[in-house]
Amino acid sequence: MFDFEFIRNNFELIKRSAELKGESVDVDKFTLLDLKRRDLVKRRDAIRAEQKQISLKVAELKKSGQGDKAEDLIKQSRQLSESESQLTVEITEIETELYTLISWMPNIPDASVPLKTVTTIKEHGNPLAFEFTPKTSDELCESLDMVDFKRSTKVVGSNFPCYKGLGARLERALINFMLDLHIKQGYTEILPSYLVNPKSMFHTGQLPKLEEDMYFIGKDNLFLNPTAEVPVINLFQEEVLDAKDFPIKYVGYTACFRREAGSYGKMTKGLRRLHQFNKVELIKFVHPDSSYQELEILLKEAEEVLKLLGLTYRVILLPVNDMSFASAKTYDIELWAPASKEWLEVSSCSNCEGFQARRAKIRFRDKGEMKTVHILNGSGVATPRLFITLIEQYQTADGGIIIPEVLRPYMGGIDIIDSKKKNQET
RNA sequence: GGAGGGUUAGUCUAACGGUAAGGCAGCAGACUUGAAAUCUGCCGGGAGUAAUCCCAUGGGGGUUCGAAUCCCUCACCCUCCGCCA
C-alpha cells in the first residue's frame, strides 16, 4: 500500500505496474476523489475552527456568571454542528472509496524485473540419467506406502495428504532439517498460530485480493494461514523496530492452507498442489538501503537447503506478470523431477519493500526519523514438491529411496526406504 | 461463559466535562581535543509558500455549545470464578 502523496506523484508508475500484474486500478478516480476530499476537509476544518472559538467564548461567559448571554452562541454552534456532520458523512464515504481503491493497488516492481520474460538465473546439479525407467513420485508413494491419499479423502476431501510410516517420518525429517539449518544461519525460530485475523491477512496483502483462495472460519472471524509469512510478520504490526538489530531474521514452520479455487487437472495430481501443506518460511526485516542485497542473501540461504540435500535445481527471476500482489522482486527456486520430467516450484524469495510494512505499520527509527522497514520473505522451503523431487531423484533400480546423508540423523539413522522397510518405525 | 479493573504519542506516566501536561529515549545545534554533563531547539498525522488551521487519548456510536473524562457497544490486556484438554 502506498501513501497518498506517493500516489499523487507516481500515477503512471502505479497504473502501468497494476496493468502488468493484471489489476485494473482507476487512477483517474483516485485523483477525482482525492481533490474532492481535500476540498471537503478544508471546508469542514473551517467550520470546526469556528465552533472551537464559540465554545471558548461560551466557557468564558459561563465562568464569569453570564451564562444567559451564551444562548445565541449556543444556537449558532448547533447550526454549525449540523453542517459539520453533513460534511463528515460525505468525507467518510469518499475516504472509504479511496481506501478501497488504494488497497487494490499492487506493489510496484523493481526496475531490474523483466516485464514478461522468465529469466533463468542459475542452474545447479546434473541432469539426472537413470539406467532404468524411473518411477514417478505418485508411483513411489503408493508402492512404498508413504502417502495415503485415498483414506484421507474419506476424512476431509481431495488434496489433503496423509503421510504414513516412513513417508511421515521423511516429511518430519525435512521440516526439522530445514529449521535447524536456518537457525544455524542466524534465524530465530517462531512456531506461530495457524489461525490469523482478517486485519493480519490484509497487512501482508492476502486480502482483499486473494480472499477466495483462503479458508475462513466464519464463527470466529478467523482465517487459516496460507503461509507462515502472515502470522510471523504480523507479530510485529504497529511496532517500532530498532535499526541496530537489522537484519532481523525469523524462521517459522506452519502447515499452510489454500483453497486453490479453480485449480484442476494434471497439476493437482499427487503432492503437486494441496489444500494443506508444510512449509518452512524465512522472514527478514531490513533497512531499506540494503533490502536488495538482503534478497540475494535470502536466496542463497534457501538454496542451501537444496545444495545440502544434493538436489538438482534452478533459480528463475519472475517477470512482473508472474509476481505476487505485494512483491517488488521475486526469485523462484524450482526442483527437477526426473521421472515426471518437470520443474517444480519449491520456493519464492521476495522483496516486498515497504508494501506490507506500511499496511501493518511496522516502522523503525533512523536518526530520529520514523521510517518504514523493508520486509523480505522466502520459502526455505515448501515440503510437498521437495518430497516429490527428492524421492524421484534418489530412487534406486529396485524401487527404494536412498536417504540423503544430512537427513539420516533426522530419520533415526535410516539410510534407505524400501519395500521391506516401508512401515518401519525404528 | 460470568464478575471486576485497565488501554493516552517510540516508551513511561498526568489531566473537578472547558479543548492533551510532563519525564525518559531519540535527532540537530552550542560548549568540548573527543565524550559525558549542561543549555537551546525539534521530537504523532494531514492541509498550506507561510502565518496558521484541522485531526489524534484501543475501534465504532451516543449525550453536550464543548468528551481522555459521562453513557452504549466491540476488540485486546490483567485479576478472580466457572468449564475443559
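In what follows, every chain begins at residue 1, and chains take the letters A, B, ... in the order their sequences are listed.
Contact annotation: A:R78 side-chain N/O to B:C65 OP1/OP2 distance is under 4.0 Å. Of the side-chain N and O atoms in A:K199, none sit less than 4.0 angstrom from OP1 or OP2 of B:C74. Applying the 4.0 Å criterion to OP1 and OP2 of B:G48, one finds that A:R38 has a side-chain N or O inside that range.
A ring-centre distance under 6.0 Å is found for A:F2 and A:F355. The six-membered or imidazole ring of A:F236 lies near that of A:F285, with a centre-to-centre distance under 6.0 Å. Between A:F364 and A:H287, a ring centre-to-centre spacing shorter than 6.0 Å is recorded. Taking the six-membered ring wherever Trp is involved, the centroid distance between the rings of A:Y163 and A:F387 falls below 6.0 Å.
Comparing A:Q53 and A:K42, the nucleotide of RNA chain B nearest to each residue sits closer to the 5' end for A:K42. Residue-to-nucleotide proximity on RNA chain B shows that, of A:R363 and A:S77, the 5′-proximal contact is made by A:R363.
B:A20 sits 16 Å from B:G66 when the P atoms are compared, rounded to a whole Å. Between B:C53 and B:A3, the distance separating the two C1' atoms is 47 Å to the nearest Å. The gap from the P atom of B:G5 to that of B:C24 amounts to 34 Å, rounded to the nearest Å. The separation of B:A36 from B:A30, taken at their P atoms, amounts to 14 Å, rounded to a whole angstrom. Atom P of B:G62 sits at a distance of 15 Å from the matching atom of B:A68, rounded to the whole Å. Nucleotides B:C71 and B:C80, compared at atom C1', are 27 Å apart to the nearest Å. Spacing between B:G1 and B:U13 at atom C1', rounded to whole Å, works out to 35 Å. Across B:U8 and B:A14, the matching P atoms stand 11 Å from one another, rounded to whole Å.
Atom pair A:E239:CD and B:A9:C1' shows a separation of 16 Å (rounding to whole Å applied). Rounded to whole Å, atom P of B:G59 lies 10 Å from atom CD of A:E238. For A:K62 and B:G66, the NZ to C1' distance is 9 Å, given to the nearest whole Å. Taking atom NZ on A:K371 and atom P on B:G26, their separation rounds to 18 Å, with Å as the unit. The CD-P distance, from A:E71 to B:G66, rounds to 13 Å in whole Å. The NZ-P distance, from A:K361 to B:G59, rounds to 11 Å in whole Å. Between the CD atom of A:Q51 and the P atom of B:G18 there is a distance of 18 Å, given to the nearest Å. A:N197 places its CG atom 18 Å from the P atom of B:C74, with the value rounded to the nearest Å.
Between B:G18, B:C65, B:G10, one nucleotide has an atom nearer to the side chain of A:V240 than all others, and that is B:G10. Residue A:S55 has its side chain nearest to B:C65 when only B:G46, B:C53, B:C65 are considered. Residue A:D45 has its side chain nearest to B:C54 when only B:C65, B:C54, B:G46 are considered.
A side-chain hydrogen bond (donor to acceptor under 3.5 Å, both in side chains) check over residues 45-55 of chain A, counting only residues at least two apart or in different chains, returns the pairs A:R48-A:E84.
At least one donor-acceptor pair closer than 3.5 Å links the side chain of A:T227 to the backbone N or O of A:E229.
Between the side chains of A:E301 and A:Y187, at least one donor N or O lies within less than 3.5 Å of an accepting N or O. Counted by atom type alone, A:D332 and A:S348 present one or more donor-acceptor pairs between their side chains at under 3.5 Å.
Contacts of A:V58 with the nucleic acid, taken as non-hydrogen atoms under 4.0 Å apart, include base atoms.
With a 3.5 Å limit on both pairing distances and Watson-Crick or G-U wobble geometry required, the stems of 3 or more pairs in RNA chain B span B:1-7 with B:75-81, B:10-12 with B:22-24, B:26-30 with B:38-42, B:44-47 with B:52-55, B:58-62 with B:70-74.
Residues meeting the salt bridge (charged side-chain N to carboxylate O under 4.0 Å, His left out) test with A:E296, sequence neighbours left out: none.
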